[in-house]
Structure formats: structure tokens, C-alpha cells
Amino acid sequence: AKALSQLRPRQPPILRRHVVRAAPIHVSSVGARATSAVQGEVARAVPVEYHARTGINSRADYETLYNRSIQDPAGFWADLARQFHWEKPWRKDHMSFNFDRRKGQVSTTFFDGARTNICYNAVDRHIEQGRGSQPCFLWEGNDIGEDRVMTFSDVRDEVSRVANWLKSVGIGKGDSVAIYMPMVCELPIAMLACARIGAVHSVVFGGFSAESLSQRIADAKSKVVITASGGARAKKVVPLKQIADKAVQLAAGSGFQVENVLVYEHKSVPKGECAWTEGRDTWYQDAIPQQDRHCPVEWVDSEHPLFLLYTSGSTGNPKGVVHSTGGYMVSAATTTRYIFDLQPGDVYWCTADCGWITGHSYLAYGPLLCGAQSVIFEGVPNYPTPARCWQVVEKYKVRQFYTAPTLVRSLEAQDNKFVTQHDRSSLRILGTVGEPINPRAWMWFFETVGEGRCPIVDTWWQTETGAAMITPLPGAWPCLPGSATLPFFGVLPVILDDKGKELDGEAEGILGMKQAWPSTIRTVKGDHKRFEETYFSAFPGYYFTGDGCKRSADGQYTITGRVDDVINVSGHRVGTAEVEAALASHGACIEAAVVGFDHDIKGQGIYAYVTLHDGNDFSEDIRKDLVKTVREQIGAFAAPDVIHWAPGLPKTRSGKIMRRILRKIAVKKDDELGDTSTLADPGIVQGIIELRGK
Ligand code: WTA
């Protein structure tokens, strides 16, 4: 075998060119995969007594509003939008959309003609209504005993200072700012500061590597990066500034120059331990307190882009999903209010990181727009003990708790005493998002955590949809463990067969959307054609979700998992193409193919088949080095769970990898491989099976 030092990645991914193809769809596999966690567990409807303050307390209440939202979406959404401040009103005919490429460019418009500002509506508006001294951020640090409360007035002042600093370094309307931060209050504050002046934020999750960050910085052309010296996750220190430095350097290598880096000093990495670039880097704690605490808001058109958020698809580089201002604001606020029955002053906790869409819509914007108190948790759920979440619930008297199924499963695996030792009587609503939840974990969450008192809202949605789309409303109809149940207002789902024909009544197929909702994805940054190809070409006339779905006779929707090559690991979307590209960049690897497999805690795990260049032996060292390469290029959460050596990959004569076969081999279902006659070399399959566990 070659020395490991010779096995360096051939090229950093930022220099590599990805070929973008239309998303492959394996309709035959609909329902065959992600639900297997659910299969074998019988779900029965669970009625829960809950009186919603929104006034939606029965399916009939819901249907009245739902029907109006579909028949007159422009009027329906306009009525909801009136609670906000609009500097200029919308035209009567404010809503339009085209989901059919054959009829012209795909587009969505809401509140056309209007001007507003989401920061004003999320923060200043509450101060004007007399809620300035009410807490809005309840920050809980990584270590027990570290906490901080910020009121709406505090947040407005700090947001304004950061906004003024951004202006001082030349950031204005439409410019993009990358944010790479731990979960401190300054993260949503940085987002709001951008929004205040019409700049476009691009938050990159702190778990991404330097390569991933540089790719996003260069694609979005973010001249300013806001980061921190470090971050704390349980006992681990994440050297964020060091990673950001490398990312900025990589971006420069690919021709994009970052001009300013604002660095928040985090106690995990003190000032003296940070490398510093004079003229480019600025300490947050030095520069921000000197700024004026007043900053006028910049009124922007409703369709002005609010943020970019990169997400993985089945092919190519991550896409910069673009969300608008007005439509996103109304969707985020309305869904938060109805789904979590959130009223001003409620203490609400969403455990998501701001680096993902859930953190954008349901930690930052949604709860703020509703005037709630939002818990921001910096740490991890099992540190210092698996009781941490329930200790936080008890400490702040959390009313609504929103999390991911993977967290539920990991805590379910622990002794129940960790839950029961803390008072959870404040809890009224529980929620999950990101992946299907299996009925067993659902029941544990319901009975052990919620004491049988709290409805669980299993919310289905995506980065691209901006807000929850299919979801129970608490108390309005019985919960169905493992099912997202009914479409939210204004959402018109369809179940399509593989030819794109709409199926009626009880059906199973691919989930599409027939009508635009306010927070519909508007485009992919810099590539409207890719946007149309990814979401509107599989089935002309419909938004393609990438998910399989079943609809019951009474109209309830149950998601069955992705139908494309996207893997959902602990609720994080991982594109197979990205992991394959990272593996293939390793000097020893000729080719790799990645599939998902059912994983007890993570929902899905990553299973990688790797073929090595001649002269490389399959060895533990190379295996470790391959995993390290993926960690470095994408982030630790994308590291393969299994590397399966392959003498070659099963391909059709046209060279397409048959992942269907690889998925079966991964779960040892060797007798269910199906038709292998179209393989260019059918013998390869046996060779792969023989190397299992080697
Ligand atoms: C999956 C997260 C089942 C789905 C907000 C979707 C779900 C992808 C659910 C989007 C749910 C999300 N039940 N599956 N309640 N919620 N998903 O973009 O496959 O990170 O397409 O957005 O997660 O992931 P994303």
C-alpha cells in the first residue's frame, strides 16, 4: 500500500466542477425505504385534549379556513399579513405563480407592490406595542449555570449596532453576509442585522468544514463573514475562527476575496489563541459596543431576498435556496402561531441550530414575529447528562418543545429517570421535524415526556418550503403517530404516479405541490435554470418535493421518505453526490457509491462502497483516512458509518450505478437484489457481497 501521505485529496472540492443533471427519481422505490423504521409498528390515532387559543379546535374549524385559503389564497394571506407593518401596501392582485415551465419562467410572487422589513416586524413592532422589556431570547449555555436573558429592546439595540457596523464596512441592500457561529444570541442577532439593512444572510452550520464553508462563501459572494473564536459542544471545542480562516483562504484560491471577518470572542477560545489577519479581522467585542444603537430600517420590496441557505440535493454542489422577505415572514409567523399555538410571552424551545432552516423559521423568525420568548441552547442534549433537555424545560417552564426524531430516539434509549427527575408540567405541545418518526419513539415522547397531555405536531417541510407544510394542528384532530396528517392553510399537496398523473383518494406515490404558498423557494442563487430543473421538471406543473407519500381515505398524509438519492441523517440532509465526490477526491479511491440504510438512532446512516486504485490494499488505515476526508470536506455529520470495499460498482451498460442493488446488499438482503440482468458485469455483485465486513 502507498504511504498515507501520498493519498492526499487530489483537489479541494471548490475547484472541482460538478456536472448538474436532473434529479434521478426511483419511483419503484417509493415507500420501500425510509418508512421501514415505521413498518411493523402499528400506528393508531391518539386523541389528545387540547384547547388551542387560535380558535382552531376541530377539523371543521380547520376545514373552513383551509377551504378559503385554497379558493382565495390572495385574500386569505392578505388578511393574515395585516397584523404586520407594511411601509407600502400590496396591490390587490398581489399573488401570482407559475409552476409550469412550458408556460414560461417558473415564479412566485406574494404581496407584490408592498414594502416591509422583517426585522422591524420581529423586533421593533413589539417594542412599539409595549413589549420592549419582555424577554425574547433565553440563552442557555453549553455548561450548566451559564445563561443570559435578552429583551426585545436589548435585541433591537444590539441588532442596530451590528447593522451599523455592517454598513461601515460597505454592506448594503442585496449584499450577502456569511454567518458561521455557535448558538449564541449573536447568531440570530447577526441574521436580524442583515435583514434590517436589506442585506442577505447566508448562515452556514458550525459543523461544516472549511471546504464547505468556502464553497458557500464563494457561491454567495459574501464579502463579509461573521464568526466566533470558537464554539463549545459538550466537552469539545470547535475552532470556528481557524476553520473560517482556512475557508477564506480557499475562497481566495478560487478567485473570491473576503474583505472583512467579524469575530465574536467565545470563551472556548480566548483572544490570545486566535490567529489574526490585521486589516481584515475585527473583534466583535471591540467594534460593536462602539456603534450607535440606532439604525433606521431599510424598507424592501416584498420579493427582496431575505436569505440564502445552502442545501443538498441528489446531484452536484449544494444549492443556495433563496427565500423572499414578505412571503417568508407571513408563512413563518402564521405556521408558528397555528402549529405551536404560540401567543406573545409564551416560552418556546426549538432545539434546532440556526444553521438549518428549522432554526431560521422556528428559532429565530417565527417565535420573534409572534412575540414569544425563544430558548436558544448552545450545548448538546446529553451533556452533562441525558437529563439536560428536561432540566432546561423545568428551568424556563417551556410550554412548546420542538425537536428532531433522532433526539427523541437517543433520549428514549436512556433510563426514563433522566426524564422523570425534572418537572415537565409546563409542557403543552411537543413537535418533531426533519425525518419520519417511528410510532414507538412517538409513543415514548408522548407518554414519558409529555405525560400523555401534549399533542405532538409532526411537521413535514423542507428548506425549500421555508415553513411547515403538512402538520397536525394541536387539539383540532387526533394525532396519528408517524403521520404529518393534514396540509397547512394554503398548501395544496398532490400524490403523483411515476408519469406525473395526479392520484385521487387513497393513494401512494410522489408528493408534489400544485399551488404556491407564501414561503415558496424563489430561485437557486445564481442559477434559475437549475432551480427549474431540480424542482419543476420531474412533473411539469408541480413543485417536486423528492419525498414519497401515502394518503389515507380520509385525506391524511404520511411521508414515506425520499425517492431521490438524498440521505436524511439525524434530520440533516446529506447529498449522496457530495459524499461520493469527497471520497473520490482521496488519492487511493477510484470511485465510490453511497446509499442510506436504516439506523436506530439517526434514522438513516451513510453506507459507502469504495473501489480502490490498483496497488492499494483494503486496510484499516485507508478506511480511517477516507472517513477523515469526508469529515474535512463536508463535516463530521456526513462521515460514512460503513465503508464497504468493492472490487467494482454495479453499473448498467450505460454506466449508471444501480443503487437499488447496493441498498439491498447494505442490509444483507442478498436474495432480494431483483433483476441484475441489465448490469454490464453481473459478476461484480458476488465480489461485493464477499467483501462484506472485510
Ligand atoms: C424530511 C427540514 C418525514 C423529508 C425542515 C424532507 C420529514 C426533508 C419530515 C427536508 C417529517 C422533514 N416527516 N420526513 N415530519 N420533515 N422530513 O430541507 O424527507 O433539512 O424532504 O428541511 O426532511 O429536509 P430539510
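Counting starts at 1 for both ligands and their atoms, in listed order.
Closer than 4.0 angstrom to ligand 1 by heavy atom are Ile357, Thr358, Val433, Gly434, Glu435, Pro436, Asp458, Thr459, Trp460, Trp461, Gln462, Thr463, Asp547, Ile559, Arg562, Asn568, Arg573, sorted by chain and number.
Remark: of the listed residues Thr545, Val433, Thr558, Val491, Thr545 is the sole one forming a side chain to side chain contact (heavy atoms under 4.5 Å, CB included) with Trp460.
Counting non-hydrogen atoms of neighbouring residues, nucleotides and ligands closer than 6.0 angstrom, the CZ atom of Arg101 exceeds 12 such neighbours.
The two residues Thr432 and Asp458 make their nearest non-hydrogen contact at OG1-CA, 3.6 Å. Closest approach of Val398 to Gln400, counting heavy atoms only: CG1-O, 3.1 Å.
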**OP:** List the steps and the verdict of side chain to side chain contact (heavy atoms under 4.5 Å, CB included) for Glu580 and Leu583.
**Re:** CA-CA 5 Å; Glu580 287 164 5; Leu583 290 167; 5.6 Å; no
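Stacking of Arg216 on the aromatic ring of Phe208 is recorded, both the 6.0 Å distance cut-off and the 45° axial limit being met.
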